[in-house]
Number of protein chains: 2
Amino acid sequence: MLSKSTKYALKAVLFLAVNSSENSKVMVKDIAKPINVPQAYIAKLLQKLSKENIISSSRGPKGGFYLSEGDRQHSVLSIIIAIEGEKKLTNCLLNLKKCNEFKPCPLHNKISSIRSELLQSFGEMKIDELSQEIKAAQAFLPL
Amino acid sequence: MLSKSTKYALKAVLFLAVNSSENSKVMVKDIAKPINVPQAYIAKLLQKLSKENIISSSRGPKGGFYLSEGDRQHSVLSIIIAIEGEKKLTNCLLNLKKCNEFKPCPLHNKISSIRSELLQSFGEMKIDELSQEIKAAQAFLPL
DNA sequence: GACAAAACATGATAATAATCATATTTCGGA
DNA sequence: TCCGAAATATGATTATTATCATGTTTTGTC
């Protein structure tokens, strides 16, 4: 459903949401281990997220990755899109290029409403909100 | 969302639903071209579907693939599962092995209802029904 | 029963996604 | 202003998925 990279990225961002701030940055190696993702790989993903302004970073000593207040307002959807692009989420279930609302493939109508619900739901999930839930121990981030 | 293989398989089955019957079987090469999928590849997928009893086949001259009446009662879900396995559809959005209802990851609750709606929807879509819609030109299967 | 037409089976290659490795740039602190 | 700690950039390797190729078995027809 979501690619491995996207899942990694989401875990990393949630980890940062809970464990970082403007004046308490976290280095890659201190992110990789707790979320159980290969360090070099998550490093690449973090750089991508940083370039897309989903997360913040600073170089040099005392540097690292963190979420600014603004970053915390991003949605899960924006992370998914940053990593795997918009098309994966929205193109036809059967990969029919000509499938659309007016000339739908057989699956189109049946799932289009559910799909847009799902997308909307991803769009409404803000990082900030999710991290609150983790902090309140209503949600968990193990392994 | 769905793998390429799954999309190919779905197209092929729908094609058979519309263009085959017990006494009018279709050879791989006559399936591959209209649904625009590499012949050798769809051949492999068809064999798998046949082995899983999603579609029917017979060898030798006058042989080919087709859907029996029983085959037509299968759901889209059963095809997805036959090709990519059950786990892909049901495991945690973040790949957390320990994520479950009682100790949910932050995304779990938010999408679990939508996800089960989607699965249910896939489960309710019967091949027969979809092919009716194609025949009635309420749905289309181009490219 | 021999032949040829089809699915079936198996393995090889190519493309893409995931993982690893290393060199370069930036920046705080002595 | 120089050193080292960090992100950044780039490329190489591995694993997985998709694609291609070729040989084997079954079965209808003559």
Side-chain angles (χ1 to χ4, degrees), chain A residues 1-12 16 20 22-33 35-68 71 80 82-85 87-88 94-95, chain B residues 1-13 16 20 22-33 35-68 71 80 82-85 87-88 95:
Chain A
M1 188 141 196
L2 299 176
S3 75
K4 231 169 170 179
S5 291
T6 302
K7 295 179 180 189
Y8 287 172
L10 283 168
K11 285 208 279 184
L16 286 174
S20 82
E22 203 104 22
N23 42 27
S24 161
K25 294 153 191 167
V26 189
M27 299 187 287
V28 234
K29 68 165 192 247
D30 294 326
I31 300 173
K33 203 176 293 177
I35 67 173
N36 198 36
V37 171
Q39 175 171 336
Y41 195 52
I42 198 63
K44 251 188 183 169
L45 293 174
L46 288 169
Q47 288 166 207
K48 193 167 189 180
L49 291 172
S50 171
K51 190 179 285 181
E52 308 258 355
N53 296 308
I54 304 284
I55 67 177
S56 305
S57 68
S58 72
R59 298 186 182 191
K62 277 281 177 181
F65 293 94
Y66 64 99
L67 297 195
S68 69
D71 294 337
I80 299 175
I83 299 295
E84 59 193 46
K87 286 176 193 166
K88 288 266 176 68
L94 295 183
N95 271 5
Chain B
M1 190 142 194
L2 298 176
S3 74
K4 230 169 170 179
S5 291
T6 303
K7 295 179 179 187
Y8 287 173
L10 283 168
K11 284 207 281 185
V13 173
L16 285 174
S20 82
E22 204 103 23
N23 42 26
S24 161
K25 294 153 192 167
V26 190
M27 299 189 287
V28 233
K29 69 165 192 246
D30 294 327
I31 300 173
K33 202 176 293 177
I35 66 173
N36 199 34
V37 171
Q39 175 171 336
Y41 195 52
I42 197 63
K44 251 187 183 169
L45 294 174
L46 288 169
Q47 288 167 206
K48 192 168 190 179
L49 290 172
S50 170
K51 191 181 285 181
E52 308 259 354
N53 295 309
I54 304 283
I55 66 177
S56 305
S57 68
S58 71
R59 298 188 182 189
K62 276 279 176 184
F65 294 95
Y66 64 99
L67 297 194
S68 69
D71 295 336
I80 299 176
I83 299 295
E84 59 192 46
K87 286 176 192 164
K88 289 265 176 68
N95 270 4

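Hydrogens, waters and symmetry mates are skipped; everything else that's a heavy atom, side chains included, is used. Quantities reported herein were computed from a predicted structural model and do not represent experimental measurements. Numbered from 1 within each chain, the chains take letters A, B, ... in sequence-line order.
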Fill in the blank from the handout: On a heavy-atom basis, the closest approach of A/F65 and A/L16 is O-CD2, 3.7 Å
Handout entry: Between B/S58 and B/Y66: side-chain donor-acceptor atoms closer than 3.5 Å
Key = no
Exercise for the section: Identify, between B/S5 and A/K44, the residue whose nearest nucleotide on DNA chain D lies closer to the 5' end. Expected result: A/K44
Exercise for the section: Mind calculating the distance between CG (B/N53) and P (C/dC8) to the nearest angstrom? Expected result: 11 Å
Fill in the blank from the handout: The answer to which of A/S57 and B/V37 contacts DNA chain D further toward the 5' end, by nearest nucleotide, is A/S57
Problem - Candidate nucleotides D/dA21, C/dA7, D/dA9, ranked by approach to the side chain of B/A40 - the nearest - result: D/dA21
Problem - Within-4.5 Å side-chain heavy-atom neighbours: B/L10 and B/L2 - result: yes
Completion exercise
note: A/K51, atom NZ; D/dT8, atom P; distance rounded to Å ~ 9 Å
Exercise for the section: Between D/dT19, C/dC8, C/dC20, spot the one nearest the side chain of B/Q47, thanks. Expected result: C/dC8
Practice task
Round to the nearest Å and state the distance from A/I83 atom CD1 to C/dA18 atom P.
Solution key: 10 Å
Practice task
Establish, with yes or no, whether the OP1 or OP2 oxygen of C/dT19 is under 4.0 angstrom from a side-chain nitrogen or oxygen of A/Y8.
Solution key: yes
Exercise for the section: Give a yes/no answer on whether the side chain of B/K4 brings an N or O atom under 4.0 Å of OP1 or OP2 in D/dT19. Expected result: yes
Exercise for the section: Determine whether A/E22 and A/S68 make a side-chain contact, defined as any pair of heavy atoms from C-beta on separated by less than 4.5 Å. Expected result: yes
Handout entry: Test item: A/T6 side-chain N/O and A/I80 main-chain N/O as donor-acceptor pair under 3.5 Å
Key = no
Fill in the blank from the handout: From CG of B/L46 across to P of C/dA9 the rounded distance in Å is 13 Å
Fill in the blank from the handout: Rounded to whole Å, the CG-P distance (B/L16 to C/dA7) equals 11 Å
Exercise for the section: Confirm from the modelled atom types if A/R59 and D/dT8 form a donor-acceptor pair under 3.5 Å, side chain to base only. Expected result: no
Fill in the blank from the handout: A/K25 atom NZ is separated from D/dA5 atom P, nearest whole Å, by 18 Å
Practice task
Name the closest nucleotide to the B/P61 side chain, picking from D/dA9, D/dG28, D/dA18.
Solution key: D/dG28
Problem - Whole-Å gap separating C1' (C/dA7) and CD1 (B/I55) - result: 11 Å
Practice task
Could you tell me the separation between the CG atom of A/L45 and the P atom of D/dA7, rounded to a whole number of Å?
Solution key: 14 Å
Handout entry: Toward the 5' end of DNA chain C, by each residue's nearest nucleotide, A/K62 or A/Q39
Key = A/Q39
Handout entry: Below 4.0 Å: OP1/OP2 of C/dC8 and any side-chain N or O of B/S50
Key = yes
